[in-house]
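Chain A is the first sequence line, chain B the second, and so forth, proteins listed ahead of strands; every chain is numbered from 1.
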Number of protein chains: 2
Amino acid sequence: MMLAVQSMTMVEPRDTSGISPAKSLLTASDEFVFLIEEVPRKLRRMFDASTARFGLTRTQWRALVYIYRTPGMTQTDLAKCLELERASVGHVVDQLERMALAERRAAKGDRRVWELHLLPRAIEILPQLRAEADMIYARLLHMISPTEIRAVRALLTKMSGNLESGSEDRPPR
Amino acid sequence: MMLAVQSMTMVEPRDTSGISPAKSLLTASDEFVFLIEEVPRKLRRMFDASTARFGLTRTQWRALVYIYRTPGMTQTDLAKCLELERASVGHVVDQLERMALAERRAAKGDRRVWELHLLPRAIEILPQLRAEADMIYARLLHMISPTEIRAVRALLTKMSGNLESGSEDRPPR
DNA sequence: ACCATACTGTATCATATCTTACAGTAAAGG
DNA sequence: CCTTTACTGTAAGATATGATACAGTATGGT
């Protein structure tokens, strides 16, 4: 994403009478960054298509998976997992309750919080979505060796670390 | 993103009285996919912070860069570049006009379309944002060799190709 | 010329998310 | 105890984006 050349969507100029560009504002790095963004974007699209077939949004599905993993988790917990605000999570939980996929249960010991639990209907659906996800992953990694995957993983981990706050511009210690 | 383990945000279960998970719905692939998503997400955040300092959203900034690259481009053109709907682009252009960063000019020869052009104020701002972007990229690629970058690029390109429609599940011809 | 079709931008509505503020509750410090 | 502080979920409003429908315009076939 970022900016980059959007797979070089070609658009011929109509009237170059505008302010003429003095110096390129598009660099080689932009292209690389675009590429880094491209794979996740395609994955998102495919997952959206999968979840939509079940009447779910990707966010709803992710919420279900997290609740599945940690039954009784709090909305604030879920917000951290989904990287959403608490208010947004509240809406998502509303939706899941309305669809009878999850429910809020009063937590004993803390009357502020709700414990989130899945309902049977969710347990039916999740494995099917799991299967769809596996198919997408299989396609993603088709004809790519474990060695290559390890290499990419290592590099991405390094890049992610580079962007961590604290690794400002100075070499990491 | 996808689902994955969100950097393993740990959340201890409160009350495991829920439906007990029979089989894992989180796979090793999920972790890899999460990692693929992590770098772009961090980049997005940093860019958002940069553009916000200039009173711009990332979308507005991207729009400016594309208009810079192709003065006179159409809103439909821009929508393709930004991967947005035409309606959304209309809003963005409204904003840019209000901020006196860009303008619509009637296109001669086709009275349906607007030609998009930057205004001087945008030309002042863009190089500064370019500099911020370069700093972020430098940080991203810190201590990573050109060879490694080429390797990641190749693999990501391959993965992207794997997800291309037409490469369904069958090996590419 | 005329008509059917396609395209451009916009208006309108729906949705997802964030921000801010708040009420209820908990916890910690006197 | 009581007060202050912190935390949880919700409400209300703002914003970004998408979906749909539409008016105006272009284009191509006849």
**Study point:** Separation of atom CZ in A/Arg105 from atom C1' in D/dG9, rounded to whole Å
**Key:** 19 Å
Practice item. Look at all strands and tell whether B/Thr76 reaches a base, only sugar-phosphate, or nothing, counting heavy atoms closer than 4.0 Å. Key: sugar-phosphate
Practice item. Report the nucleotide, chosen from C/dC18, D/dT8, D/dG18, that has the shortest atom-to-atom distance to any side-chain atom of A/Arg86. Key: D/dT8
Review point. Does B/Gln95 put a side-chain nitrogen or oxygen below 4.0 Å from OP1 or OP2 of D/dA16?
Key: yes
**Study point:** Separation of atom CG in A/Asp94 from atom C1' in C/dT17, rounded to whole Å
**Key:** 14 Å
Study note, to complete from the structure: Out of C/dT17, C/dG9, D/dG18, minimum distance to the side chain of B/Glu85 belongs to D/dG18
Review point. Tell me: CZ of B/Arg62 to C1' of D/dA16, nearest whole Å?
Key: 13 Å
Check your understanding: Between A/Leu84 and B/Arg104, which is nearer to the 5' end of DNA chain C once each is assigned its nearest nucleotide?
Key -> B/Arg104
Exercise for review: Let me know the distance between CD of B/Glu83 and C1' of D/dA16, rounded to the nearest Å.
Suggested key: 16 Å
Review point. Counting only side-chain N and O atoms of A/Arg58, is one of them less than 4.0 Å from OP1 or OP2 of C/dT15?
Key: no
Check your understanding: Whole Å only: how far is the CZ atom of A/Arg111 from the P atom of C/dG24?
Key -> 12 Å
Check your understanding: Which whole-number value in Å describes the distance from B/Asp77 CG to C/dC7 C1'?
Key -> 12 Å
Review point. Say you draw a straight line from NZ of A/Lys42 to CG of B/Asn162; how long is it, rounded to the nearest 0.5 Å?
Key: 9.5 Å
Review point. Considering only C/dT19, D/dT8, D/dT25, which nucleotide approaches the side chain of B/Asp110 most closely?
Key: D/dT25
Exercise for review: Grab the two heavy atoms, one from A/Gly90 and one from A/Arg104, that are nearest each other, plus how far apart they are.
Suggested key: O-NH2, 4.0 Å
**Study point:** Phosphate OP1/OP2 of C/dT17 contacted by A/Thr59 side-chain N/O (<4.0 Å)
**Key:** yes
Practice item. Begin from the C-alpha positions of A/Arg44 and A/Asp48 and carry the test salt bridge (charged side-chain N to carboxylate O under 4.0 Å, His left out) through to its verdict. Key: CA-CA 6 Å; A/Arg44 266 194 302 272; A/Asp48 285 343; over 6 Å; no
Check your understanding: Does the gap between the ring centers of B/Trp61 and B/Phe47 come in under 6.0 Å?
Key -> yes
Point to revise | Under 4.0 angstrom between B/Ser88 side-chain N/O and D/dA16 OP1 or OP2 | key: no
Review point. Could you state the CZ-P distance from A/Arg44 to C/dA16, rounded to the nearest angstrom?
Key: 17 Å
Revision key, fill the gap. Which of C/dT10, C/dC18, D/dT10 is nearest the side chain of A/His91? It is C/dC18
Point to revise | Distance, rounded to the nearest Å, where B/Gln75 contributes CD and C/dC7 contributes P | key: 17 Å
Exercise for review: Can you figure out which of C/dG24, C/dT10, D/dA26 approaches the side chain of A/Arg112 most closely?
Suggested key: C/dG24
Point to revise | Shortest non-hydrogen contact from A/Val92 toward A/Thr59 | key: CG2-CG2, 3.8 Å
